[in-house]
Structures are given as structure tokens and as C-alpha cells.
Amino acid sequence: MVTPECITLKVSSDDRGYFVPITNALPEEITKAIKRVYVVGNFGKGVIRGFHYHEKEIKVFFIAKGSSKFVAINKNNPEDKHIFVTSDRNPQLIIIPPGYANGWMSLEEDTILMCVSTSTFEESIKDDLRFDPYTWGDVWSVKGR
């Protein structure tokens with residue numbers, strides 16, 4: 001994987017409810033490398049988390065509740081920008097490879113994100129570079145169409 005990507009997940013449902021397999025859709029290189037799984041919740045709409053940057057770590061994001069906008073930018077080539085909008089009503093995995101500053105913004109109250117990482121918390125901290133959310137301009141506004 002060279003650039004960020006979005007994988008739409010297959011949802012199975014019947015009269016009992018629904019089931020969304022998450023790691024089944026990941027490439028084997030990522031599933032074998034998973035070291036950490038965590039949950040992040042945003043209490044309010046419009047909360048921005050990021051930008052974070054890693055040279056080694058791969059992150060996979062999944063919105064378990066609510067909706068969000070993800071932005072991934074190649075810090076060495078800002079024209080290489082990827083924007084994904086995902087929600088619990090259209091389950092997708094957002095895969096961010098190393099080399100991309102990335103962040104997300106909740107589009108609904110009480111949005112919950114699940115993250116899978118190829119680094120432990122300690123490894124991630126040593127590989128972490130942070131940027132102001134507006135380093136590459138206002139990529140967060142929702143524009144009318």
C-alpha cells in the first residue's frame with residue numbers, strides 16, 4: 001500500500017440485527033502486524049483530531065458510531081491529499097500508510113472511532129510528529145454542493 005485507501009465493508013444483516021467484520025477486509029500484511037486496537041470518542045460535532053504523522057506506523061480507522069471526515073496529506077507533497085467521509089451507515093475502513101499526516105473530524109455528536117495500529121503505544125510515541133490542523137489550509141469545512 002502506497003497511498004491512503006478506503007475499503008467498503010460488507011454488512012450482513014437479518015432479523016436479529018447486523019454484523020460488520022472489520023479485520024477480514026484488511027490485507028494480510030496489516031493483520032499480521034496489528035499490535036494495538038483502541039477507541040476514540042468525540043463528544044461534539046466538529047471536533048478535529050490531528051494532524052498526526054508517522055514514518056513507520058500504519059493505522060486503520062473505522063467509525064463505529066456517527067460519521068466523520070478523514071484527511072491524509074503527504075507532508076512532502078501536499079498536492080497528494082486524500083479525503084474520505086465515512087459513517088456507521090456506510091461502514092468503511094480508512095487505511096493510512098506511513099508518510100501521511102492524517103486527522104479526522106466528527107460530523108455528528110458522540111462519534112466513536114475504532115483504530116487498529118501496527119505499533120504499540122510506546123513505538124507510536126517515538127514515531128509521532130504533530131501538525132496544527134490548519135497547516136495545509138482549511139481542509140475541514142463542509143462545503144455546500
Side-chain angles (χ1 to χ4, degrees), residues 1-11 13 18-145:
M1 167 189 20
V2 178
T3 61
E5 68 178 285
C6 178
I7 299 172
T8 299
L9 298 173
K10 182 179 181 331
V11 178
S13 64
Y18 61 93
F19 174 76
V20 183
I22 296 170
T23 56
N24 297 22
L26 290 173
E28 190 175 340
E29 70 187 66
I30 295 176
T31 57
K32 285 184 172 184
I34 292 172
K35 293 185 179 178
R36 180 169 52 123
V37 177
Y38 58 93
V39 173
V40 177
N42 283 354
F43 296 131
K45 176 179 171 180
V47 174
I48 298 170
R49 303 270 187 144
F51 280 107
H52 309 217
Y53 174 86
H54 300 281
E55 286 285 339
K56 300 174 186 171
E57 184 175 4
I58 299 170
K59 287 193 175 178
V60 180
F61 300 109
F62 172 77
I63 294 297
K65 178 183 176 198
S67 59
S68 67
K69 179 177 186 177
F70 286 88
V71 179
I73 297 175
N74 182 328
K75 76 175 184 77
N76 298 317
N77 177 15
E79 297 298 313
D80 183 8
K81 175 172 52 176
H82 305 264
I83 297 175
F84 307 104
V85 176
T86 185
S87 77
D88 58 7
R89 292 169 296 286
N90 183 27
Q92 298 172 314
L93 296 178
I94 307 300
I95 303 174
I96 307 294
Y100 283 85
N102 64 90
W104 66 285
M105 177 181 73
S106 51
L107 298 173
E108 294 181 52
E109 304 290 323
D110 300 319
T111 295
I112 299 172
L113 168 132
M114 188 183 98
C115 183
V116 174
S117 170
T118 59
S119 295
T120 66
F121 181 72
E122 293 75 19
E123 291 168 338
S124 183
I125 288 173
K126 293 176 187 170
D127 183 37
D128 186 56
L129 182 60
R130 306 268 172 145
F131 296 94
D132 181 274
Y134 295 94
T135 298
W136 293 280
D138 182 9
V139 295
W140 304 107
S141 291
V142 177
K143 298 178 176 53
R145 297 184 201 22

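Residue numbers count from 1 along this sequence.
- Taking every heavy atom of both residues into account, L9 and V20 meet most closely at CD1-CG1, 3.7 Å.
- The pair K126-E57 fails the salt-bridge criterion, with no side-chain N (NZ, NE, NH1 or NH2) lying under 4.0 Å from an Asp/Glu carboxylate O.
- Contact of the I34 side chain with the T118 side chain is not registered, since no non-hydrogen atoms from C-beta on lie closer than 4.5 Å.
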### Task
Under the side chain to side chain contact (heavy atoms under 4.5 Å, CB included) rule, what do S124 and R36 come out as? Steps first, then yes or no, please.
CA-CA 10 Å; S124 183; R36 180 169 52 123; 3.3 Å; yes

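- Here the closest heavy-atom approach between residue S141 and residue K69 is recorded as O-NZ, 3.1 Å.
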### Task
Any chance you could lay out the side chain to side chain contact (heavy atoms under 4.5 Å, CB included) test for I95 and L26, step after step, and finish with the verdict?
CA-CA 9 Å; I95 303 174; L26 290 173; 3.9 Å; yes

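- Between I7 and E5 there is a side-chain heavy-atom pair separated by less than 4.5 Å.
- Although no hydrogens or angles enter the test, the distance criterion places a donor-acceptor pair under 3.5 Å between the side chain of D132 and the main chain of Y134.
- When side chains are defined from C-beta on, T111 counts as touching I63, because their heavy atoms get closer than 4.5 Å.
- Taken from CD1 in I48 to OG in S68, the straight-line distance is 12.0 Å, to the nearest 0.5 Å.
- When the shell of 6.0 Å around OH of Y38 is examined, it contains more than 12 heavy atoms from other residues, nucleotides or ligands.
- Remark: H82 engages Y100 in a ring-ring contact (aromatic ring centres under 6.0 Å, His included) (not counting sequence neighbours).
- Applying the ring-ring contact (aromatic ring centres under 6.0 Å, His included) criterion to F62, with sequence neighbours excluded, gives no partner residue.
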### Task
Evaluate the side chain to side chain contact (heavy atoms under 4.5 Å, CB included) criterion for residues L113 and V39: first the C-alpha distance (whole Å), next the side-chain angles of each, then the deciding distance (0.1 Å), finally the verdict.
CA-CA 6 Å; L113 168 132; V39 173; over 6 Å; no

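- Here the CD1-CG distance, from I73 to D80, works out to 9.5 Å after rounding to the nearest 0.5 Å.
- Across A33 and E29, no two heavy atoms sit closer than the pair CB-O, 3.4 Å.
- For the atom pair CE of M114 and CG of L93, the computed distance is 7.5 Å after rounding to the nearest 0.5 Å.
- Between W104 and F70, the ring-plane angle classifies as parallel under the 30° and 60° cut-offs.
- Scanning all heavy atoms of the two residues, the minimum distance from Y53 to A101 falls at CD1-N, 3.7 Å.
- For residues 87-105, every residue pair satisfying the salt bridge (charged side-chain N to carboxylate O under 4.0 Å, His left out) rule, not counting sequence neighbours, is listed here: R89-E108.
- In terms of heavy-atom proximity, F131 sits nearest to K75 at CZ-CD, 3.8 Å.
- Within the structure, salt bridge (charged side-chain N to carboxylate O under 4.0 Å, His left out) contacts touching residues 39-52 (residues at least two apart or in different chains) do not occur.
- Contacts of D128 classified as salt bridge (charged side-chain N to carboxylate O under 4.0 Å, His left out), with partners at least two apart in sequence or in another chain: R130.
- P4 has its side chain within reach of P97: a pair of non-hydrogen atoms, C-beta onward, lies under 4.5 Å apart.
- Under a 3.5 Å cut-off, the side chain of D127 and the backbone N or O of E55 do form a donor-acceptor pair.
- For the salt bridge (charged side-chain N to carboxylate O under 4.0 Å, His left out) test, residues two or more places apart in sequence or in another chain that qualify with K35 are E123.
- For the pair F61 and C115, the tightest heavy-atom approach, listed with the atom from each and the gap, is CE2-SG, 3.5 Å.
- You'll find the side chain of V71 reaches within 4.5 Å of the side chain of F51, heavy atoms only.
- No side-chain donor-acceptor contact under 3.5 Å links H54 to the backbone of P98.
- Residue T3 holds its OG1 atom at 10.0 Å from CG of N74, rounded to the nearest 0.5 Å.
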